[in-house]
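The block underneath contains the structure these notes are about, expressed in structure tokens.
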Protein chains: 2
Amino acid sequence: MENEIIKYLTKHTSLSDELIDIVIASTIIKNYKKGTVLLREGEISKESYFVLKGCVRSYFINDGEERTIEFYTEEQPVLPIGYGKGIPSGQYLECIEDSVLTLNTTEHEKEMFLKYPQFESICRIMTEVMMANFQESFVNYKITNPEERYLFLQKERPYLFQRVPQYQLASYLGIKPESLSRLRKRLNRK
Amino acid sequence: MENEIIKYLTKHTSLSDELIDIVIASTIIKNYKKGTVLLREGEISKESYFVLKGCVRSYFINDGEERTIEFYTEEQPVLPIGYGKGIPSGQYLECIEDSVLTLNTTEHEKEMFLKYPQFESICRIMTEVMMANFQESFVNYKITNPEERYLFLQKERPYLFQRVPQYQLASYLGIKPESLSRLRKRLNRK
DNA sequence: CTTAAAAATTGACTTTGGTTAAGAAATTTA
DNA sequence: TAAATTTCTTAACCAAAGTCAATTTTTAAG
């Protein structure tokens with residue numbers, strides 16, 4: 001299962017064989033039950049993850065309502081907002097399925113940076129990739145209405161519709177569950 | 001005017017006196033006329049900027065309509081999406097006022113990294129700061145409606161209302177110019 | 001200063017999402 | 001399996017944004 005991380009890393013950076021072995025050797029894999037909260041609002045985020053199996057949802061609570069930021073599924077890294085910054089997190093991270101995740105801590109990262117300096121630049125590149133993805137999400141969110149977002153999601157990540165409750169999808173799309181229900185009805189008629 | 005960059009950098013990182021001198025010595029300052037397009041969609045973005053005076057707008061065109069991503073004003077860094085990635089830009093950058101900007105190129109950056117390795121970690125931190133800001137913007141955008149965004153902007157960056165045409169503000173808020181007009185009327189009545 | 005062009009406002013009408021409330025369907029759990 | 005809880009759907013009504021079109025105001029150009 002470690003292969004998935006290597007696959008992901010080599011997609012974005014060039015890893016020497018030596019580093020590949022090091023990554024594999026130092027990777028911690030953990031199982032999490034559905035419903036496990038990995039991070040709560042107000043806590044300091046010191047862990048990042050990589051999804052080998054399952055689904056992690058990030059969200060925050062506004063006016064008592066959950067607003068989904070992102071769904072992380074197989075082969076996606078989970079870097080909470082503010083990870084490693086020592087500032088209280090504004091978001092929650094929750095496993096919405098039984099999940100298998102690799103676990104990475106800021107301490108572990110520091111050690112690795114000292115032992116293997118190439119690691120720092122790899123992490124920089126990864127951060128930049130995430131930033132680019134994030135910016136793209138923002139732009140996409142801004143130029144689309146809920147219906148377009150729904151169709152886009154259906155095209156790009158259809159499996160989410162089987163795995164995620166609709167009220168969570170609704171908050172991800174920026175609408176209320178009732179509106180998502182109507183939207184689906186509307187699309188069915190077309 | 002170079003002081004502004006130093007002020008900005010020291011706000012987020014700790015710069016040695018030596019590095020401060022280096023930054024000042026290697027800073028290129030340029031004047032741009034209102035209407036200057038710094039980056040076009042499809043071009044490779046190899047330049048980043050820092051606004052000393054004036055205003056830069058980033059936007060993209062969707063279905064023939066401009067959608068404003070951000071307004072950059074005094075003491076803000078302008079890092080185009082995809083800067084230094086060698087991929088065609090999806091956005092435009094335009095000076096919407098006569099502007100004075102510092103100019104930074106990817107080549108120049110590379111040189112600096114070689115000469116002064118501390119620079120790489122400063123840039124990493126800066127990238128992280130920008131990412132954090134960006135994520136905050138996204139969250140804010142998601143939890144607010146156009147009216148709330150308008151009021152927030154009025155509170156946080158009131159000067160934009162004097163400097164930016166309303167149709168650009170409208171696209172920044174995610175609505176049509178007609179709707180912004182009505183929104184303003186509605187707020188006046190309250 | 002006048003004219004032309006661009007930007008902002010207004011009105012009528014449509015569409016879409018929010019709200020509230022009720023009920024149906026699906027999922028958990030005892 | 002039955003009961004309880006959660007999730008989803010539907011309906012009626014309201015508010016806000018989109019659309020189209022016309023008009024006014026402002027700005028830029030000659």
Side-chain angles (χ1 to χ4, degrees), chain A residues 33-37 54-55 57 59 61-68 71 92 94-98 141-154 158 160-190, chain B residues 33-37 54-55 57 59 61-68 71 92 94-98 141-154 158 160-190:
Chain A
K33 279 263 160 236
K34 175 174 174 174
T36 306
V37 178
C55 184
R57 177 173 73 114
Y59 63 96
I61 295 180
N62 185 251
D63 276 341
E65 281 189 9
E66 291 182 7
R67 312 291 298 247
T68 300
F71 299 103
Y92 293 79
E94 183 185 347
C95 298
I96 60 171
E97 295 176 353
D98 290 345
Y141 193 89
K142 272 193 136 179
I143 64 176
T144 54
N145 59 32
E147 178 173 325
E148 290 164 333
R149 275 173 229 147
Y150 180 90
L151 292 170
F152 181 80
L153 201 63
Q154 207 170 40
L160 283 182
F161 291 76
Q162 319 304 122
R163 297 167 64 176
V164 171
Q166 253 176 58
Y167 73 94
Q168 292 180 5
L169 275 179
S171 85
Y172 180 69
L173 298 172
I175 53 177
K176 303 280 163 186
E178 297 91 329
S179 296
L180 178 53
S181 222
R182 271 185 309 215
L183 194 158
R184 286 155 56 84
K185 203 176 170 188
R186 208 163 65 221
L187 289 175
N188 274 336
R189 279 202 300 269
K190 286 183 186 172
Chain B
K33 278 265 161 234
K34 175 174 175 175
T36 306
V37 179
C55 184
R57 177 172 74 113
Y59 64 96
I61 295 180
N62 184 250
D63 276 342
E65 280 190 9
E66 290 183 6
R67 312 290 299 245
T68 299
F71 298 103
Y92 293 78
E94 182 185 348
C95 299
I96 62 171
E97 294 176 352
D98 290 344
Y141 192 89
K142 272 192 139 179
I143 64 177
T144 53
N145 60 32
E147 178 173 325
E148 290 165 332
R149 276 173 229 147
Y150 179 91
L151 292 171
F152 181 80
L153 202 64
Q154 206 170 40
L160 283 182
F161 292 76
Q162 319 304 123
R163 296 167 64 174
V164 171
Q166 252 176 59
Y167 72 94
Q168 292 181 5
L169 275 180
S171 84
Y172 179 68
L173 298 172
I175 52 176
K176 303 279 162 187
E178 296 93 325
S179 295
L180 178 53
S181 218
R182 272 184 307 220
L183 194 159
R184 285 156 55 85
K185 203 175 170 189
R186 207 162 67 220
L187 288 175
N188 274 336
R189 280 201 300 268
K190 288 183 185 171

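In what follows, every chain begins at residue 1, and chains take the letters A, B, ... in the order their sequences are listed.
Dashed line: the shortest gap from a side-chain N or O of A:Gln166 to OP1 or OP2 of D:dT9 is under 4.0 Å. Residue B:Ser179 places none of its side-chain N or O atoms closer than 4.0 Å to OP1 or OP2 of D:dA17. At the phosphate of C:dT16, neither OP1 nor OP2 sits under 4.0 Å from any side-chain N or O atom of A:Lys185. Residue A:Lys34 places at least one side-chain N or O closer than 4.0 Å to OP1 or OP2 of C:dT28. Here B:Arg182 does not reach the OP1 or OP2 of D:dA16: none of its side-chain N or O atoms lies under 4.0 Å away.
With ring centers used as reference points, B:Tyr141 lies 6.0 Å or more from B:Tyr172.
The interatomic distance linking A:Asn145 (CG) with C:dT14 (C1') rounds to 15 Å, in whole Å. With rounding to whole Å, B:Leu169 atom CG is found 9 Å from C:dA8 atom P. A:Arg184 has its CZ atom 15 Å from the P atom of C:dA25, to the nearest Å. With rounding to whole Å, A:Leu173 atom CG is found 10 Å from C:dG17 atom P. The separation between B:Gln168 atom CD and D:dT27 atom P is 14 Å, rounded to whole Å. Between A:Glu65 atom CD and C:dG17 atom C1' the separation is 13 Å, expressed in whole Å. One atom, CD1 of B:Ile175, and another, C1' of C:dT16, lie 15 Å apart when rounded to the nearest Å. A straight line from CG of B:Leu180 to C1' of C:dT9 spans 11 Å, rounded to a whole angstrom.
Put simply, the side chain of B:Ile143 does not reach to within 4.5 Å of the side chain of A:Asp63, judged on heavy atoms.
Of the candidates C:dG17, C:dA21, C:dT10, the closest approach to any side-chain atom of B:Glu178 belongs to C:dT10. Considering only the side chain of A:Lys176, C:dT19 comes nearest among C:dA8, C:dT19, D:dT9. Closest contact between the side chain of B:Tyr167 and the listed nucleotides D:dA17, D:dT19, C:dA8 involves C:dA8. Taking only side-chain atoms of A:Arg186, from C-beta outward, the nucleotide of C:dT16, D:dT9, D:dA17 with the closest atom is C:dT16.
A pairwise comparison of heavy atoms in B:Lys33 and B:Cys95 identifies O-CB, 3.9 Å as the closest pair.
Ring orientation note: the planes of B:Tyr92 and B:Tyr59 are close to parallel, at an angle under 30° on the 30°/60° scale.
Atom CZ of residue A:Arg149 and atom OG1 of residue A:Thr144 lie 4.5 Å apart, to the nearest 0.5 angstrom.
If A:Gly174 and B:Pro165 are placed on DNA chain C by their nearest nucleotide, the residue sitting closer to the 5' end is B:Pro165.
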